[in-house]
Amino acid sequence: MTDRAETPTNFIRQIIDRDLAEGKHDGKVVTRFPPEPNGYLHIGHAKSICLNFSIAESYGGVCHLRFDDTNPETESEEYVEAIQRDVAWLGWQWHGEVRYASDYFDLLHDCAVELVRLGLAYVDTQRPEEIARQRGDFTTPGQDSPFRERPVEESLALFARMRQGEFEEGEAVLRAKIDMRSPNMNMRDPILYRIRKKTHHQTGDKWCIYPMYDFTHPISDAVEGITHSLCTLEFEAHRPLYDWTLDKLEGFLASRDSIPARPRQYEFARLNLNYTVTSKRKLKQLVDEKYVSGWNDPRMPTISGLRRRGYTPAAIRRFCDMVGVARADSVVDMGMLESAVRDDLNATAPRAMCVLKPLKLVIENWPEGHVEMLSAPLHPQNEEMGSREVPMAREVLIDQADFQEQANKKFKRLVLGDEVRLRYGYVIRATEVIRDAAGEISEVRCTYDPETLGRNPEGRKVRGVIHWVSAEHSVPCEVRMYERLFTEASPDRMEEGVLSVVNPESLQVMSECRVEPALAGASPGSRFQFEREGYFCVDEDSEPERLVFNLTVGLRESF
RNA sequence: UGGGGUAUCGCCAAGUUGGUAAGGCAACGGGUUUUGAUCCCGUCAUUCCCAGGUUCGAGUCCUGGUACCCCAUCCA
């Protein structure tokens, strides 16, 4: 990228500006990115990551990485590792060690006990169905549990037994005593702890009771000194519970630890991108049902998929700046993401020539066996990137799409009888078409003009410039061309489900490609612009003898 | 249906005490160009969900509508 655009302001930064002006939090800003390790990070998470980390960065604060690991049923160490890798790859550095909500299980437990002591929580020994029934619905107020007024000592004893494993899953829960008639469903005596006899990826078998998100999050934030707790809009209705928890526990927490700040939760709209999905559940479905090769399939909007596709951290961060942060639900055009990578790769990717569907050209007036090394810059605007040598020989390969036996003037490529320039080389003229037994064009005979290297022919204009490789010197490779994963702009809205609109042509493998010899041995991850085609990167499946490239994004086309 | 939100150009999104609509993406013209790329220049909301009202003046204030999103997991 040539110039790193200033991060635009947004309502959250304005809130922070105001807080700072009022002298809150001693001028400190501490944020956190709190993923649940139950899936891979996707582009939507990137927005949250960039928001949290860039705010910390620009206000001289810090940002924590904290795993919200309160549900051992769906979480795993595999995800914990992948998430750290992705955040780091995006270029952000979390403050201190990685944190886990499970680090606070002892504290959380004590907080729960305290709430019981304060008469603000109780153990409910009803079955889940009964609790759900009593919760009521949007129009019907809930009903108090018959155990709501259970004596404190009894709840304390019961909670201790829950912890000892004396109850089976579903036999008892700890509930907050708030208001069963609240219009906010989240306040109808929400469950604080439930029994799960599962091994936890961090705490092993130490616990068989696990705290719920709503109870865990505010306490974790407070303990870490988070000043601004940023989350997505769907948690808005949970904010009263977040505040309730901290209000009730304020004294207790202050007596145990010195709580440096009273965190506040602010919500922003999550990122939606058209022609894809950003829901861990749906992405997991694509993986599990083999619609893609894995979480890092280059078609996936996951961070790991984008990385394999050839996206750069800079491009993703740029994109996040471009979309902004607001409270209105929105769907961002995939074109904006693509624009962000093109912008970055245009400036940084060395150029190369690759022929996707080869068509042989024989230059009849080019001496047999003669090879000429042509110098070609690696970047048209940046000489500092240097240059490479491109061998020119009697037989060259061009793309089938770059030749037509006849065409109108709009066609700026090779036409029988007309001239075109071979990029970095000579002007050639197509003189004859040779066909095979099936009538298909097998080669095109040409002549070249030796006076046209580095200068234009006099008195005539060539139709255009096309890319090419030497038939003898080029190296065979595979190029994987990608299109959008879904055929509908809003796969989420499909009644038949997202799987019904997966694009059957989202992956097109071109296996007869030829790339110029300078790219032989290119290592996985390296990125190039194949001139007139697009940006490509070497896939992890690539081997020295068999290069494999992924299309990151095509060049902009206007004609 | 009760509660909580949001509505500014095709898509994002600024607009902070009311003063006469930023920017990006896309699109469309034109120029440069040995990438139909890049780059450059230009066009692109008399109008801010709708309807009233207050005001010299409203996207910004008031009233009343409409549309869409979120919440009824012992998920996060």
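Letters A, B, ... are given to chains in the order of the sequence lines, protein chains preceding strands, and every chain is numbered from 1. All values derive from a computational prediction rather than experimental measurement.
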Asker: If we check ring pair (Phe, Tyr, Trp, His ring centres under 6.0 Å) with A:Y210, which of these qualifies: A:F105, A:Y193, A:Y104, A:F215?
Answerer: A:F105
Asker: Using a 4.0 Å heavy-atom cut-off across all strands, classify A:R13 as base, sugar-phosphate, or nothing.
Answerer: nothing
Asker: Students often get this wrong, so: under 4.0 angstrom with heavy atoms, is A:V427 touching a base, only sugar-phosphate, or nothing?
Answerer: nothing
Asker: Using the P atom in both, what is the distance from B:rU16 to B:rG10, to the nearest Å?
Answerer: 23 Å
Asker: With P as the reference atom in both, quote the distance from B:rC74 to B:rC25 in angstrom, rounded to an integer.
Answerer: 46 Å
Asker: Base, sugar-phosphate alone, or nothing: which one does A:R532 contact when heavy atoms must sit under 4.0 Å apart?
Answerer: base
Asker: Ignoring the backbone of A:V331, work out which of B:rC12, B:rU38, B:rG15 is nearest its side chain.
Answerer: B:rC12
Asker: Got a sec? Which of residues 267-277 of chain A come in under 4.0 Å of RNA chain B, heavy atoms?
Answerer: none
Asker: Nearest 0.5 Å, what's the CD-CD distance between A:E234 and A:E267?
Answerer: 9.5 Å
Asker: Can you tell me how far the CG atom of A:D344 sits from the OG atom of A:S339, to the nearest 0.5 Å?
Answerer: 11.0 Å
Asker: Sort out the partner of B:rU60 for me: Watson-Crick or G-U wobble, both distances under 3.5 Å, none otherwise.
Answerer: none
Asker: Counting the atoms with a prime plus P, OP1 and OP2 as sugar-phosphate, which does A:Q529 contact under 4.0 Å by heavy atoms, base, sugar-phosphate, or nothing?
Answerer: base
Asker: Would you mind telling me which of B:rU38, B:rU1, B:rU35 lies closest to the side-chain atoms of A:Q381?
Answerer: B:rU38
Asker: Provide the distance between the two P atoms, one in B:rA26 and one in B:rA21, to the nearest whole Å.
Answerer: 26 Å
Asker: For A:Y448, enumerate each residue passing the ring pair (Phe, Tyr, Trp, His ring centres under 6.0 Å) test, keeping only those at least two apart in sequence or located in another chain.
Answerer: A:W366, A:Y426
Asker: Atom CG of A:D333 to atom C1' of B:rC11: distance rounded to whole Å?
Answerer: 5 Å
Asker: Using side chain to side chain contact (heavy atoms under 4.5 Å, CB included) as the criterion, list what pairs up with A:T199, not counting sequence neighbours.
Answerer: A:D205
Asker: Scan every strand shown for a Watson-Crick or G-U wobble partner of B:rG42, both distances under 3.5 Å, and answer none if you come up empty.
Answerer: B:rC28
Asker: Would you mind classifying the nucleic acid contact of A:R175 as base, sugar-phosphate or nothing, using non-hydrogen atoms under 4.0 angstrom?
Answerer: nothing
Asker: Assess the side chains of A:Y535 and A:Q529: does a donor N or O sit below 3.5 Å from an acceptor N or O?
Answerer: yes
Asker: Is it the case that B:rG36 (base atoms only) and A:R556 (side chain only) share a donor and an acceptor within less than 3.5 Å, ignoring hydrogens and angles?
Answerer: no
Asker: Side-chain N or O of A:R342 less than 4.0 angstrom from OP1 or OP2 on B:rA37?
Answerer: no
Asker: Between B:rC44 and B:rU35, how far apart are the two P atoms, rounded to whole Å?
Answerer: 31 Å
Asker: Could you check whether A:E488 pairs with A:R493 (Lys NZ or Arg NE/NH1/NH2 to Asp/Glu carboxylate O, under 4.0 Å)?
Answerer: no
Asker: State, yes or no, whether a side-chain contact exists between A:V479 and A:L551 at a heavy-atom distance under 4.5 Å.
Answerer: no
Asker: Between B:rG52 and B:rA13, how far apart are the P atoms? Round to whole Å, please.
Answerer: 29 Å
Asker: Starting at the 5' end of RNA chain B and moving along, which residue's nearest nucleotide shows up first, A:R421 or A:R493?
Answerer: A:R421
Asker: Within the structure, does a side-chain N or O atom of A:Q14 lie under 4.0 Å from either OP1 or OP2 of B:rG15?
Answerer: yes
Asker: If you pin A:V332 and A:H379 to their nearest nucleotides in RNA chain B, which one's is more 5'?
Answerer: A:V332
Asker: Rounding to the closest angstrom, what is the interatomic distance between B:rU54 and B:rC11 at atom C1'?
Answerer: 35 Å
Asker: Identify the nucleotide, in any strand shown, that forms a Watson-Crick or G-U wobble pair with B:rC68, with both distances under 3.5 Å; if there is none, say none.
Answerer: B:rG5
Asker: Output all residues satisfying salt bridge (charged side-chain N to carboxylate O under 4.0 Å, His left out) with A:K24, sequence neighbours left out; order by chain, then residue number.
Answerer: A:D19, A:E22
Asker: Find the distance between CD (A:E531) and CD (A:E516) and round it off to the nearest 0.5 Å.
Answerer: 8.5 Å
Asker: Just the table, please: protein N/O against nucleotides 4-7 of chain B N/O, every pair under 3.5 Å.
Answerer:
| residue | atom | partner | partner atom | Å |
| --- | --- | --- | --- | --- |
| B:rG5 | O3' | A:R327 | NH2 | 3.2 |
| B:rU6 | OP1 | A:R327 | NE | 3.3 |

Asker: Cation-pi check, A:R175 to A:Y122: give yes when NZ or CZ is under 6.0 Å from the six-membered ring centre and within 45° of the ring axis, no otherwise.
Answerer: no
Asker: In Å and rounded to the nearest 0.5 Å, what is the CZ to CD1 distance from A:R135 to A:I191?
Answerer: 6.0 Å
Asker: If you measure from the P atom in B:rA14 to the same atom in B:rC49, how many Å do you get, rounded?
Answerer: 14 Å
Asker: Is there a donor and acceptor pair, one atom on the side chain of A:R351 and one on the base of B:rU35, closer than 3.5 Å?
Answerer: yes
Asker: Find the distance between CZ (A:R150) and NZ (A:K177) and round it off to the nearest 0.5 Å.
Answerer: 11.0 Å
Asker: With a 4.0 Å cut-off on heavy atoms, is A:G454 in touch with a base, just the backbone sugar-phosphate, or nothing at all?
Answerer: base
Asker: Determine the contact category for A:V325: base if any of its heavy atoms lies under 4.0 Å from a base atom, sugar-phosphate if only primed atoms, P, OP1 or OP2 are that close, otherwise nothing.
Answerer: sugar-phosphate
Asker: Which pairs, protein N/O on one side and nucleotides 74-76 of chain B N/O on the other, fall under 3.5 Å?
Answerer:
| residue | atom | partner | partner atom | Å |
| --- | --- | --- | --- | --- |
| B:rC74 | OP2 | A:R135 | NH1 | 2.9 |
| B:rC74 | OP2 | A:R135 | NH2 | 3.0 |
| B:rC74 | O2' | A:R196 | NH2 | 2.1 |
| B:rC74 | N4 | A:Q126 | O | 3.2 |
| B:rC74 | N4 | A:P128 | N | 2.9 |
| B:rC74 | N4 | A:G170 | O | 2.9 |
| B:rC75 | OP1 | A:R196 | NH2 | 3.2 |
| B:rC75 | OP2 | A:R194 | NE | 3.0 |
| B:rC75 | OP2 | A:R194 | NH2 | 2.8 |
| B:rC75 | O3' | A:R194 | NH2 | 3.3 |
| B:rC75 | O2' | A:N71 | ND2 | 3.1 |
| B:rA76 | OP1 | A:T70 | OG1 | 2.6 |
| B:rA76 | OP1 | A:R194 | NH2 | 3.0 |
| B:rA76 | OP2 | A:Y213 | N | 3.1 |
| B:rA76 | O3' | A:D68 | OD2 | 3.3 |
| B:rA76 | N6 | A:H238 | NE2 | 3.2 |

Asker: Side chain of A:S330: nearest nucleotide among B:rA37, B:rU1, B:rC12?
Answerer: B:rC12
Asker: Kindly indicate whether the side chain of A:N10, heavy atoms from C-beta on, has any atom under 4.5 Å from the side chain of A:L51.
Answerer: yes
Asker: Across all strands, who's sitting opposite B:rU16 as a Watson-Crick or G-U wobble pair, both distances under 3.5 Å?
Answerer: none
Asker: Would one find a side-chain N or O of A:T140 under 4.0 angstrom from OP1 or OP2 of B:rU1?
Answerer: no
Asker: Quote, to the nearest angstrom, the P distance that separates B:rG5 from B:rC41.
Answerer: 44 Å
